[in-house]
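Report on one structure; see the data block that follows.
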Amino acid sequence: MSADVRLTVNGDPVVLPVDGGPLLFVLRNRLGLKATRFGCGLEQCGACVVWIDGEARFSCTLPPEALDGAHVVTAEGLSADPVGRALLEAFEAEQAGQCGYCLTGILMSAFTLLRKDPRPGRPAIVAALDRHLCRCGAHGGILRAVERAAARLAGRDA
Ligand code: FES
Ligand code: FES
């Protein structure tokens, strides 16, 4: 049996040797996808969240070998998807964030939410982002950006 792990990352097939590192390190160090961030390494901050087969998951503790055959989307892949593009445009329009360190993880949780529910209310957005820490206190702009993206996708804005 092969020890390789086969994933699709941002639409591209990749084959990875099993080397014991978490998915976050594979994304950043082996695949050069630096948008996904290391914060705590303990599932406590949300900086490392990526989309995996429809769910927002912490990549800092996730062994790639548990994901054979999975589809993964990182922030680098958002522009290839209409929901992702709406989020990127909305975050820019709202100037959401300050230092930006937390934002890629937050974008991936927002992407997961809007892929499941294109018309979430504020409580659903807050719940979806509850696991994310933002040390800059940019929460207001971030919430407005997700609402703006949802409105755009629902055709409620110009
Ligand atoms: S780095 Fe994964 S939750 Fe903080
Ligand atoms: S914008 Fe700086 S941590 Fe969130």
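Please read these numbers as outputs of a predicted model, since none were measured by experiment. Both ligands and their constituent atoms are indexed starting at 1 by order of listing. Values reported hereafter were calculated over all heavy atoms of this structure, with side chains retained and with hydrogens, waters and symmetry mates removed.
For the pair Ile52/Leu62, a side-chain contact is recorded, criterion being any heavy-atom separation below 4.5 Å from C-beta on. Side chains of His132 and Ser109 form a contact here, defined as non-hydrogen atoms less than 4.5 Å apart. In this structure, the side chains of Leu33 and Asn10 come closer than 4.5 Å at one or more pairs of heavy atoms. When side chains are defined from C-beta on, Val72 does not count as touching Thr8, because their heavy atoms never get closer than 4.5 Å. Counting heavy atoms from C-beta on, the side chains of Cys60 and Pro22 never come closer than 4.5 Å.
Under a 4.0 Å criterion applied to the non-hydrogen atoms of Cys40, ligand 1 contributes the atoms 1 (S), 3 (S), 4 (Fe). Numbered from 1 in the order shown, with element, the atoms of ligand 2 that lie under 4.0 Å from a heavy atom of Gly100 read 1 (S), 2 (Fe). Numbered from 1 in the order shown, with element, the atoms of ligand 1 that lie under 4.0 Å from a heavy atom of Gln44 read 3 (S). For ligand 1, the atoms closer than 4.0 angstrom to any heavy atom of Phe58 are 3 (S). Remark: ligand 1 atoms within the under-4.0 Å shell around heavy atoms of Glu43 are 3 (S). For ligand 1 and Cys60, the ligand atoms under 4.0 Å from any heavy atom of the residue are 1 (S), 2 (Fe), 3 (S).
Among His139, Gln98, His132, Arg135, the residue whose heavy atom lies nearest to atom 1 (S) of ligand 2 is Gln98.
Relative orientation of the Phe38 and Phe25 rings is tilted, given thresholds of 30° and 60° on the angle between their planes.
Taking backbone and side chain together, Cys48 holds no N, O or S atom under 2.8 Å from atom 4 (Fe) of ligand 1. Between atom 4 (Fe) of ligand 1 and Cys45 there is an N/O/S contact shorter than 2.8 Å. Using a cut-off of 2.8 Å, one finds that Cys134 contributes an N/O/S atom close to atom 4 (Fe) of ligand 2. For residue Cys102, an N/O/S atom approaches atom 4 (Fe) of ligand 2 to within less than 2.8 Å.
Sorted by first then second residue, the salt bridge (Lys or Arg N to Asp or Glu O under 4.0 Å) pairs that include residues 114-135, not counting sequence neighbours, are Glu55-Lys116, Asp81-Arg115, Arg122-Glu147.
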Kindly determine whether Leu67 and Leu23 satisfy side-chain contact (heavy atoms from CB on, under 4.5 Å), including the steps that lead there.
CA-CA 9 Å; Leu67 300 172; Leu23 178 63; 3.9 Å; yes
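Rounding to 10 degrees gives 100° for the angle at atom 2 (Fe) of ligand 2 between SG of Cys136 and SG of Cys99.
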